[in-house]
Amino acid sequence: MGRTGLSILIILVITTAAFYKIQAEDDYGLAPSPEEPGHSDEVENAIDAIPGSEGNESDPEDPASIPTYNSTRRVVLSKKHLGPCIAYNPIDKCWRCDPNWARNRKRLADCVQGFGRRTIGGRDGPIYKVTSPSDDNVMEPRPGTLRHAVIQKTPLWIIFSKSMTIKLQQELLMQSDKTIDGRGRHIKISGGAGISIQFVRNIIIHNIHITDIHPTSGGMIRDSVDHIGIRSQPDGDAISIFGSCDIWIDHVSASNAKDGLIDIVAASNGVTISNCHFVRHDKVLLFGAEDNNERDKNMHVTVAYTHFGKNLIQRMPRVRWGFIHLVNNDYTHWLMYAIGGSRGASIISQGNRFIAPPNPVAREVTHRTNGLEAGWETWNWRSEGDLMMNGAFFVESGSPNWRTGIDPLDLIVPAPAAQVTTLTLFTGPLGCRKRKPC
């Protein structure tokens, strides 16, 4: 970056910080995040505060009847929904209103959409119940711990016997064909290392909190039942997806990691991130880590029905090379920019809502990083049916004929952006109870 570019960046950061210093913390009236006091099952299951949701006035099977709510304020969900189960987006409609979800846990594997739609996780294996939050031996994990479960070489559907907070002493290295399913419990990974999904396939991570993730020392770590290897110090990502495919991250809340919340790099492919809630972080999502790694041209990622919430700064996502589909997400906060990229990345934004920050310097949704590379006008950065609020704007480039070569089955059909508040109402972990709809 030249001196001029650096000066502009410094001015942007200083002026933006000044704007935010004088703003109340609840600029847009957001409900507390799952990591913050006040978040409860009443919040997670609330819908009464949405206009038009009383009684049975809306039919989730009829997209035209889904309530719309176009204020720049996101409704504070303070009431518990006492009516019938309501699930508005198609992923949630697939499973959430089944009162026997706990007996039919593996039905979840049929619900993924987008580029990760082939993911089945541990569907074809038995249930493994985690009974202890301990992670005191990373070379010989004890049975009943999360680390012992994920290093098994056979498919497993991993659930939890009780609510727990797990402090990982080293990064959690997973084998293929695993589901981490936190439904029915309050599961938090916090205060230590994050999750590493490296050179594996078929992983589902569902209904957990991940927060306050730090780099750990590295060293000797067991990554399978028959192998212990030496690991360097990790970067401190909440979730790192490295050289892996068929991955689904759903109903996860993440905040405050040392590096990224989710990194997808090193020729990873076939990933869906859905129904997630991100808060309190700088560099949120990184898709493609190296300017010279052309293998990431084959990366395909879907981000859907996700809320980008309080105290986020940038990278929602930041993309190199690959093809990214952003559909029906709610971008209510950013400090510098929302979506960035380089190296010919294709970014298709459909039916999202973007609420620009108060700082007029930061109202552009998009940011071509590393300056304007030669040929940036040909990159397919398209905005279709997005809702721009508070002066937000998206700088398009490339061709409207971006669907060439993309399987239509890999694309989630966007709902109108005016429905985004409703579609993202239940982001993050859900307060599921057995024998009741979730």
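Ser346 contributes atom OG, which lies 12.0 Å from atom CH2 of Trp321 (distance to the nearest 0.5 angstrom). Atoms CG and CG, from Asp282 and Asn311 in turn, are 11.5 Å apart once rounded to the nearest 0.5 Å. To the nearest 0.5 Å, atoms CD1 (Ile239) and CD1 (Ile210) are separated by 3.5 Å. Atom CZ in Arg105 sits 12.5 Å away from atom CG in Asn100 (nearest 0.5 Å).
In this structure, Ser224 contributes its side chain and His227 its backbone to a donor-acceptor pair below 3.5 Å. In terms of modelled atom types and a separation under 3.5 Å, the side chain of Ser268 and the main chain of Gly243 share a donor-acceptor contact. A side-chain donor-acceptor contact under 3.5 Å links Thr366 to the backbone of Val395. Proximity of a side-chain donor or acceptor of Thr306 to a complementary backbone N or O of Ala304 within less than 3.5 Å is detected. Listed for the Asn202 side chain is a donor-acceptor partner under 3.5 Å among the backbone atoms of Ile120. In terms of modelled atom types and a separation under 3.5 Å, the side chain of Asn328 and the main chain of Ala415 share a donor-acceptor contact. Formation of a donor-acceptor pair under 3.5 Å by the Lys106 side chain with backbone atoms of Arg123 is found in this model. Formation of a donor-acceptor pair under 3.5 Å by the Ser132 side chain with backbone atoms of Ser134 is found in this model. Although no hydrogens or angles enter the test, the distance criterion places a donor-acceptor pair under 3.5 Å between the side chain of Asn352 and the main chain of Asn329. In this structure a side-chain-to-backbone donor-acceptor pair under 3.5 Å is missing from Ser244 to Ile241.
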Handout entry: Pair Ser190-His209, side-chain contact (heavy atoms from CB on, under 4.5 Å): steps then yes or no
Key = CA-CA 8 Å; Ser190 179; His209 304 266; over 6 Å; no

Handout entry: Verdict with reasoning, Cys97 to Cys85, per disulfide (SG to SG under 2.5 Å)
Key = CA-CA 6 Å; Cys97 293; Cys85 175; 2.1 Å; yes

Handout entry: Full working for side-chain contact (heavy atoms from CB on, under 4.5 Å) between Phe278 and Ile273
Key = CA-CA 11 Å; Phe278 302 126; Ile273 299 168; 4.2 Å; yes

Handout entry: Steps toward side-chain contact (heavy atoms from CB on, under 4.5 Å) verdict (Leu326, Ile339)
Key = CA-CA 10 Å; Leu326 308 173; Ile339 299 167; 3.4 Å; yes

Problem - Test log, rule side-chain contact (heavy atoms from CB on, under 4.5 Å), inputs Ile189 and Leu146 - result: CA-CA 11 Å; Ile189 294 176; Leu146 179 59; 4.3 Å; yes

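His307 and His277 have parallel rings, their planes meeting at less than 30° on a 0 to 90° scale where 60° marks the start of perpendicular. Using a 30° and 60° split on the angle between ring planes, Trp381 and Trp379 fall in the tilted class, from 30° to 60°. The aromatic rings of Trp95 and His251 lie perpendicular to each other, with more than 60° between the two planes, well past the 30° mark.
Nearest heavy atom pair, residue Thr131 against residue Ser161, reads CA-OG, 3.3 Å. Across all non-hydrogen atoms, the minimal contact from Pro133 to Thr165 is CB-O, 3.5 Å. Nearest approach of Gly194 to Leu168, heavy atoms of both residues: O-CD1, 3.7 Å. Closest approach of Pro141 to Arg222, counting heavy atoms only: CD-CD, 4.0 Å. Of all heavy-atom pairs spanning Asp296 and Ala267, the tightest one is OD1-N, 2.7 Å. Smallest separation of non-hydrogen atoms from Thr216 and Pro234: O-CD, 3.4 Å.
Contact check for Glu364 versus Tyr337: no side-chain heavy atoms found under the 4.5 Å cut-off. Asp124 has its side chain out of reach of Asp177: every pair of non-hydrogen atoms, C-beta onward, lies at least 4.5 Å apart. Proximity of Phe308 to Leu285: side-chain heavy atoms (C-beta onward) are separated by under 4.5 Å at one or more points.
For residues 113-170, every residue pair satisfying the ring pair (Phe, Tyr, Trp, His ring centres under 6.0 Å) rule, not counting sequence neighbours, is listed here: Phe115-His300, Phe115-Phe323, Tyr128-His148. Listed by first then second residue, pairs satisfying disulfide (SG to SG under 2.5 Å) with a partner in residues 108-191 read Cys94-Cys111, not counting sequence neighbours. A side-chain hydrogen bond (donor to acceptor under 3.5 Å, both in side chains) check over residues 397-408, counting only residues at least two apart or in different chains, returns the pairs Arg117-Asp407, Arg368-Ser397, Glu384-Trp402. Judged as a salt bridge (charged side-chain N to carboxylate O under 4.0 Å, His left out), not a single pair has a partner in residues 205-219 (not counting sequence neighbours). Within the structure, salt bridge (charged side-chain N to carboxylate O under 4.0 Å, His left out) pairs that include any residue of residues 159-171 comprise Glu171-Arg231 (at least two apart or interchain). Within the structure, every pair that satisfies the salt bridge (charged side-chain N to carboxylate O under 4.0 Å, His left out) test and touches residues 234-252, not counting sequence neighbours, is listed here: Arg201-Asp246.
Neither side chain, Gln175 nor Thr154, offers a donor N or O lying under 3.5 Å from an acceptor on the other. Defined by atom type and a distance below 3.5 Å, a donor-acceptor pair is present between the side-chain atoms of Thr211 and Ser255. Side chains of His325 and Thr302: no donor on one and acceptor on the other come within 3.5 Å. Between the side chains of Asp330 and Thr332, not a single donor N or O lies within less than 3.5 Å of an accepting N or O. For Glu396 and Ser383, the side-chain atoms include no donor-acceptor pair closer than 3.5 Å.
Among residues two or more places apart in sequence or in another chain, the side chain to side chain contact (heavy atoms under 4.5 Å, CB included) test is passed with Leu286 by Asp263, Ala289, Arg315, Arg318, Arg320. Residues forming a side chain to side chain donor-acceptor pair (under 3.5 Å) with Asn137 (at least two apart in sequence, or on another chain): none. Partners of Asn293 under the side chain to side chain donor-acceptor pair (under 3.5 Å) rule, at least two apart in sequence or in another chain, are Arg295. Shown here are the side chain to side chain contact (heavy atoms under 4.5 Å, CB included) partners of Val112, two or more places apart in sequence or in another chain: Trp248, Thr272. For Lys258, there are no salt bridge (charged side-chain N to carboxylate O under 4.0 Å, His left out) partners, not counting sequence neighbours. With sequence neighbours excluded, the residues forming a side chain to side chain contact (heavy atoms under 4.5 Å, CB included) with Asn89 are Ile91, Asp92, Asn275, Tyr305, Leu423, listed by chain and number.
Applying salt bridge (charged side-chain N to carboxylate O under 4.0 Å, His left out) to Asp181 and the options Lys178, Arg185, Arg183 leaves one that passes, Arg183.
Salt-bridge annotation for Asp410 and Arg118: present, with a side-chain N of the basic residue lying under 4.0 Å from a carboxylate O of the acidic one.
Under the 6.0 Å cut-off for aromatic ring centres, His367 and Trp334 do not qualify, their centroids lying 6.0 Å or more apart.
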